Amino acid sequence: MTAELSSSTTVSSSPRTSRPSSTTGRRYQTYQHCSSNEDSAAANVSEEGSTSKSGLNVVTRHTYIYALCAALNSVNLGYDLGVSTNAGPLIQDDFGLSDYQLELFLGSLNFWSITGALLSPAITDRYGRTRTFLVAAVQFCIGVTIMSTAKSFWVLMLGRMIVGIGVGVGEAIDPMYIAEVAPTHIRGELVSWAEAGVALGVVLGFSSSFVFDIDQENAWRFMLAAGAAMPMVMMFLILYRVMPESPRWLLSQDREVEARTIFETIYPEETVDAVVQEVQESLALEREANSAVGWKAILWMPSPAIRRMLTVGVGMAIIQQAVGIDSIMFYLMFVIQEAGIKRQSLQTFALVLLGTVKLIFVFVGAKCFDHYGRRPLLFTSLLGCAGSLVLVSAAIDSQASWSKFVLIGGLAAYLAFFSVGLGPGNWVVVSEVFALSIRAKAMSVAVFPNRVTATIMASTFLTVAKALTWPVFFLVLAGVCLASLLFLYLYLPETAGRSLEEMAVYFAEITGDRSILDVEEKLHYERHKVQEMQLIEEGTVRNTGVLS
């Protein structure tokens, strides 16, 4: 069932207001009515099938173990990013690479990750989450083996291609798996372990020059080869069933008995029936949502409301990479050397210090994002990044004795401000601005420009910096941060505490487009109709009035 969204209907004569007009208000009340009726239905379920709130708030040891296993994959991704910073200059010297070839080597990781990201949904949906982890781990092992033994630049690039595809396949699976095994009340905190795992991996990659003597001829080969250790650990955890399959995926494959066995290690036994039913309803709703709006209504003929959602969501995805985070991380060693820090031990210390700052502030951002709201933290993040880059610009070519400290302080501040806003918040906000009927498709649309922007930034960093001069280059990045701040100020609504239904009403209101509400209302009507039929079949409904 594919609905073509019409843009001809009008919601309000005042599209700037953020409050629902009479038409959208009535539709918003419809959503509230459905929600209240659903609560009534739940209240009338027999005592035998009820679930205590305190029971669902229990967090078991297995829950933490499963989340930690998934986060280890993120450590592996972060290690590749961090070790490239250390190994890049050594590879350039060993192979006699030009700046362009080095940019091609480093930036190709993001390019090939696009291919992996496109393959990942098909692999995860068909073969399961843990097998996807295995695919990514095997690719990492093969890729780093090829790179660490390469005798030519193009063999090196072959290994980088395989690792890049593995990054793309594995990048999205970590938070997905954690979200599917974590109870709702702790889901946000545990999902942030994936971002923390990347930051920890970066620190380990930065620390590789402490372990391997960079004056040794093949030091960079050992650094890269060490990246195979974590994938081997992942394979062990999966093959020996320390890390089980996602119970949500098992239910999607009608393997309820296996799913229940895993749910029993996550939730108290008396709550498992309710959890299974909730997940099954969620899966049914997702299937309905995926068929509610076709690709044509998103890519070729979007209605005003969908066009506005895509503008905000895709713009947000581009901004995360346009401010330079991946490219700065890749080329930190060059920035430090350009500032006049020549001693190898001091360079490594500076890298580890910067990586540790990023790791710490990932946790700070995860704690603050729900408490203070999306817009304030994103604005603070972008404004702080801009100010930090101005400091870096002022210090990088200075001959003053204090310049090195200002440069390291500026880079540390940049990573800290990024980690409290754009780092943890980017994909949270992107997922929140899309209405339920277009969410899955629109998210995949947003991922592509994010990866393309990362590829462009990493593949041109040295060339552009040297063409503009380092101080001007960092000022340009600061300008990008301020322009991004203006864009979000004008277009991004506050999404914290708002349901997907409320966001649909908001975008319908400001664009004067009611068509998105027609689809959403139909989707929710079908959902509650199915829920009531299920309850009637179980003999647990007592005149709930869900459809009244």
Side-chain angles (χ1 to χ4, degrees), residues 59-83 109 113 116 119-120 123-149 159 162-182 190-205 207-208 211-212 221-250 253 255 258-259 261-266 359:
V59 184
T60 66
R61 178 172 59 90
H62 287 90
T63 302
Y64 288 116
I65 291 174
Y66 302 157
L68 181 60
C69 289
L72 288 178
N73 187 61
S74 293
V75 175
N76 185 45
L77 303 180
Y79 180 84
D80 184 83
L81 178 60
V83 79
L109 183 81
S113 72
L119 294 173
S120 184
I123 299 173
T124 56
D125 289 343
R126 181 166 184 176
Y127 298 106
R129 312 319 190 209
T130 53
R131 288 184 181 177
T132 305
F133 278 118
L134 278 177
V135 169
V138 170
Q139 285 184 291
F140 267 103
C141 289
I142 295 173
V144 298
T145 300
I146 292 174
M147 286 194 296
S148 61
T149 58
I162 296 173
V163 169
I165 295 173
V167 167
V169 170
E171 194 171 28
I173 192 64
D174 303 359
M176 177 191 296
Y177 179 88
I178 295 174
E180 291 179 347
V181 300
L190 293 184
V191 167
S192 70
W193 285 17
E195 180 70 19
V198 173
L200 176 59
V202 168
V203 174
L204 295 176
S207 304
S208 60
V211 179
F212 305 103
R221 298 182 185 276
F222 294 119
M223 291 178 182
L224 295 181
M230 199 60 67
M232 291 181 180
V233 173
M234 286 296 301
M235 287 188 277
F236 173 85
L237 293 173
I238 295 168
L239 294 175
Y240 285 87
R241 301 186 182 277
V242 177
M243 183 182 188
E245 183 53 80
S246 161
R248 195 176 194 276
W249 181 81
L250 291 172
Q253 304 298 307
R255 293 161 62 178
E258 296 171 73
T261 301
I262 299 168
F263 273 134
E264 287 170 1
T265 67
I266 301 172
L359 173 62

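What you see is a predicted model, and the numbers here were worked out from it, not measured in a lab.
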- Interatomic spacing from CZ in Arg248 to CD1 in Ile262 - rounded to 0.5 Å: 14.0 Å
- Exercise: identify the closest heavy-atom pair between Pro247 and Val181: CD-CG1, 3.9 Å
- Message: Quick check: do Arg129 and Ile173 have side-chain heavy atoms less than 4.5 Å from each other?
- Response: yes
- Message: Run the side chain to side chain contact (heavy atoms under 4.5 Å, CB included) test on Val198 and Asp174 for me, step by step, so that the C-alpha distance in whole Å, both residues' side-chain angles and the decisive distance to 0.1 Å come before the verdict.
- Response: CA-CA 11 Å; Val198 173; Asp174 303 359; 6.0 Å; no
- Provide the closest heavy-atom pair for Leu72 versus Met230 in the form atom of the first, atom of the second, distance. O-CG, 3.4 Å
- To the nearest 0.5 angstrom, please state how far the CG atom of Leu81 sits from the CG atom of Leu204. 12.0 Å
- Note on the structure: On a heavy-atom basis, the closest approach of Thr130 and Met243 is CG2-O, 3.8 Å
- Item | Heavy-atom pair of closest approach, residues Cys69 and Met234 | O-SD, 3.3 Å
- Query: Can you check whether Tyr79 reaches Val202 side chain to side chain, under 4.5 Å on heavy atoms?
  - Reply: no
- Message: A side-chain contact here means heavy atoms from C-beta on lying under 4.5 Å apart; do Val138 and Met235 qualify?
- Response: yes
- Message: Checking Ile266 against Tyr66 for the side chain to side chain contact (heavy atoms under 4.5 Å, CB included) test, could you report, in this order, the C-alpha distance in whole Å, the side-chain angles of both residues, the deciding distance, and whether it holds?
- Response: CA-CA 9 Å; Ile266 301 172; Tyr66 302 157; 3.9 Å; yes
- Heavy-atom side-chain contact between Val83 and Leu224 under 4.5 Å: yes
- Mind listing the closest non-hydrogen atom pair of Val144 and Ala228 along with its distance? CG2-CB, 3.6 Å
- Task: Report the distance from atom CD of Glu195 to atom CG of Leu359, rounding to the nearest 0.5 Å.
- Result: 10.0 Å
- Query: In Å, rounded to the nearest 0.5 Å, how long is the span from CG of Leu119 to OG1 of Thr124?
  - Reply: 10.5 Å
- Query: Roughly how far, to the nearest 0.5 Å, is OH of Tyr127 from CD of Glu245?
  - Reply: 13.5 Å
- Task: Looking only at non-hydrogen atoms, find the nearest pair between Val167 and Ser113 and report the distance.
- Result: CG1-CB, 4.3 Å
- Test item: side-chain donor near acceptor, Thr132 and Tyr177, under 3.5 Å: no
- Message: I need the single residue from Leu190, Ile178, Leu68 that forms a side-chain contact (heavy atoms from CB on, under 4.5 Å) with Thr63. Which is it?
- Response: Leu190
- Stepwise side chain to side chain contact (heavy atoms under 4.5 Å, CB included) check, Asn76 with Val233: CA-CA 10 Å; Asn76 185 45; Val233 173; over 6 Å; no
- Message: Has Thr145 got a side-chain atom pairing as donor or acceptor with Cys141's backbone, closer than 3.5 angstrom?
- Response: yes
- Item | Gap between atom CD1 of Ile238 and atom CG of Leu134 - 0.5 Å precision | 4.0 Å
- Query: Does atom CZ of Arg131 have more than 12 heavy-atom neighbours from other groups under 6.0 Å away?
  - Reply: no
